[in-house]
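First comes the structure, then the notes that go with it.
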Amino acid sequence: MFFSKITGVGHFVPDNVVTNHDLEKIMDTTDAWIQERTGIQERRFYRPHEKGSTAKMAYQASLIAMQRAGVTADDIDAIVFATLSSDYYFPGSGVLLQDMLNMGTKPAIDVRAQCSGFIYALSIADQFIRTGMYKRILVVGSETQNIALDLTTRGRAMGVLFGDGGGAAVLEQHSQAGRGILSTHLHSEGKHADILCIREPGTGNETIVYEGMHEQHDKINPFMDGQFVFKNAVKRMPEAVMEALAHNNLQLSDLDMLLPHQANLRISQMVQRLLNLPDEKIYNNIQKYGNTTAATLPILMSELWEQGRIKEGQLYALTAFGSGFTWASALIRW
Ligand code: UT7
């Protein structure tokens with residue numbers, strides 16, 4: 001029997017810090033509103049007009065993850081890359097990273113599951129390793145979101161929430177049952193696709209790009225029914241954690257740390273309350289980065305790694321919820 005385990009994690013965020021006070025200067029918002037409603041104090045935006053930034057951030061994060069795992073790109077068999085903000089319309093950013101890492105003809109798989117993308121990617125990589133097809137996979141979540149945001153008062157409901165960043169994990173084959181990725185559970189509910197989306201460019205129209213498209217702000221800018229998303233997020237993330245624990249015959253009290261997708265500090269706090277977890281068993285960093293979508297979970301793990309808080313034998317739950325809707329959980333015995 002084969003199993004998979006994470007042997008290294010890394011992250012990269014742009015050095016360009018954008019505070020709530022910076023946003024106050026370009027839209028009708030306040031630091032107080034943003035902090036009270038979301039917990040966010042600042043986020044990172046990749047500097048404008050730098051091309052290839054989603055793959056570039058993934059590259060930097062991957063180098064750190066591989067160095068911590070003690071491997072090089074030559075040792076990696078495949079890439080699974082999660083993003084909603086790929087560098088090109090097509091191909092996905094996976095192949096761009098594959099080229100940056102000089103990985104010859106090794107495969108790169110792109111995953112589009114938005115905020116749940118990293119857990120979906122982890123699950124796909126875990127299956128490849130369990131079947132024995134691959135021994136070592138780079139699992140990535142990376143996002144450049146600032147260029148898709150309407151950073152005016154019209155777009156403030158979403159513009160203040162998101163940030164840029166990338167994270168990566170090296171997933172390796174091992175044979176010790178009960179260690180590493182214990183399980184992953186994935187869900188989606190496509191009837192809510194229009195609740196949180198950017199509609200264009202897309203093939204739902206006669207052409208992908210058409211005259212006058214840029215005036216259609218409701219279609220090319222992100223749209224979200226925030227309160228509906230909020231309600232579903234606080235229902236689905238605890239559900240997914242409980243599903244993972246039950247599947248492994250474990251209890252909430254067995255959990256050493258919950259890493260929730262960073263969409264809103266109030267969502268994380270509600271999930272914590274619903275699961276009755278003490279403060280030391282949950283880790284949030286949305287205050288510094290905003291919502292980096294597929295990158296939030298590997299960034300959380302990488303920061304914990306740097307703080308020496310990833311410990312052998314401890315039990316970690318990852319959970320995420322987002323556009324699609326998609327939601328997921330992963331249980332990891334490190
Ligand atoms: O990653 C997964 C996807 N995303 C999420 O999970 C996000 C889920 N939703 C949320 O986090 C929250 O719904 C938001 C943070 C997006 C919004 O918080 P809210 O408490 O639901 O506020 P709201 O949308 O009900 O807006 C309240 C008021 C409105 O004004 P009126 O109508 O009461 O006069 C908005 O126009 O706040 C106004 N508002 C703002 N004011 C200042 C909305 N955005 C802003 C802003 N600054 N940036």
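In listed order, ligands and their atoms are each counted from 1. Since this is a predicted model, take the numbers as computed values, not measurements.
- Under the 6.0 Å distance and 45° angle rule, Arg309 counts as a cation-pi partner of Tyr283.
- Contact annotation for Phe230 and ligand 1: heavy atoms of both the backbone and the side chain come within less than 4.0 Å of the ligand.
- Close approach of ligand 1 to Thr38 is summarised as follows: ligand atoms under 4.0 Å from at least one heavy atom of the residue are 15 (C).
- For ligand 1, the atoms sitting less than 4.0 Å from at least one non-hydrogen atom of Met224 are 4 (N), 7 (C), 16 (C), numbered in the order shown with element in parentheses.
- Atom numbering of ligand 1 starts at 1 in the shown order; those under 4.0 Å from a heavy atom of Ile267 are 6 (O), 8 (C).
- Annotation: atom 36 (O) of ligand 1 to nearest protein heavy atom, Arg156 NH2, 3.1 Å.
- What sits closest to atom 10 (C) of ligand 1 on the protein, heavy atoms only, is Asn264 ND2, 3.6 Å.
- Nearest heavy-atom pair across Pro238 and Ala233 is CD-O, 4.0 Å.
- In this structure, atom 33 (O) of ligand 1 has no protein heavy-atom contact shorter than 4.0 Å.
- Remark: ligand 1 and Asn291 share an N or O pair separated by less than 3.5 Å (distance only, no angle test).
- For the ring-ring contact (aromatic ring centres under 6.0 Å, His included) test with His187, the passing option among Tyr120, Trp327, Phe325 is Trp327; the others fail.
- Counting heavy-atom neighbours within 6.0 Å of Lys135 NZ, excluding the residue itself, gives a total of 12 or less.
- The pair Arg156-Glu24 does not meet the salt-bridge criterion, since no charged nitrogen lies less than 4.0 angstrom from a carboxylate oxygen.
- Ligand 1 lies out of reach of Gln114, whose nearest heavy atom is not under 4.0 Å from it.
- Considering Arg43, His21, Gln41 as possible partners of Ile34, the one that fulfils the side chain to side chain contact (heavy atoms under 4.5 Å, CB included) test is Arg43.
- Remark: ligand 1 atoms within the under-4.0 Å shell around heavy atoms of Arg37 are 19 (P), 20 (O), 22 (O), 27 (C).
- Ring-plane geometry between Trp305 and Trp334 is classed as perpendicular, the angle between the planes exceeding 60 degrees on a 0 to 90 degree scale with a lower cut at 30.
- Of the heavy atoms in Leu196, only side-chain atoms (C-beta onward) come closer than 4.0 Å to ligand 1.
- Closer than 4.0 Å to atom 20 (O) of ligand 1 lies at least one heavy atom of the protein.
- Near Val160, meaning under 4.0 Å from any of its heavy atoms, are these atoms of ligand 1: 48 (N).
- Contact annotation: for Thr29 versus ligand 1, heavy atoms closer than 4.0 Å belong to both the backbone and the side chain.
- Across the listed options Met27, Gln227, Glu24, Gln227 owns the non-hydrogen atom lying nearest to atom 24 (O) of ligand 1.
- Per-atom contact check: atom 4 (N) of ligand 1 touches the protein, criterion being a heavy-atom distance below 4.0 Å.
- In the vicinity of Ala263, heavy-atom distances shorter than 4.0 Å reach the ligand 1 atoms 1 (O), 2 (C), 5 (C), 6 (O).
- Of the listed residues (Gly324, Ser116, Gly226), the one carrying the non-hydrogen atom nearest atom 13 (O) of ligand 1 is Gly226.
- A salt bridge is defined here as a Lys NZ or Arg NE, NH1 or NH2 lying under 4.0 Å from an Asp or Glu carboxylate O, and Glu243 with Arg236 fails to meet this definition.
- Taking a distance limit of 4.0 Å, we find that atom 1 (O) of ligand 1 is approached by some protein heavy atom.
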Problem set entry | Chi angles and distances behind the side chain to side chain donor-acceptor pair (under 3.5 Å) call for Thr7, Glu172 | CA-CA 7 Å; Thr7 54; Glu172 293 197 37; 2.8 Å; yes
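- Screening Asp87, Thr54, Asp110 against Ser93 for a side-chain hydrogen bond (donor to acceptor under 3.5 Å, both in side chains) leaves a single residue, Asp87.
- Closest protein heavy atom to atom 43 (C) of ligand 1: Trp33 CZ2, 3.4 Å.
- Residue Thr30 has no nitrogen or oxygen atom sitting less than 3.5 Å from a nitrogen or oxygen atom of ligand 1, judged on distance alone.
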For this session: Kindly determine whether Asp164 and Val13 satisfy side chain to side chain contact (heavy atoms under 4.5 Å, CB included), including the steps that lead there.
Result: CA-CA 7 Å; Asp164 302 341; Val13 288; over 6 Å; no
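- What you find for Ile137 and Ala125 is that their closest heavy atoms are CD1-O, 3.6 Å.
- Protein heavy atoms are absent from the 4.0 Å sphere centred on atom 29 (C) of ligand 1.
- Between Ala233 and ligand 1, no N or O atom pair is found at a separation short of 3.5 Å.
- Between His192 and Phe228, the ring-plane angle classifies as perpendicular under the 30° and 60° cut-offs.
- Using a 4.0 Å heavy-atom cutoff, Met158 is absent from the residues neighbouring ligand 1.
- In this structure, the side chains of Gln287 and Asn284 come closer than 4.5 Å at one or more pairs of heavy atoms.
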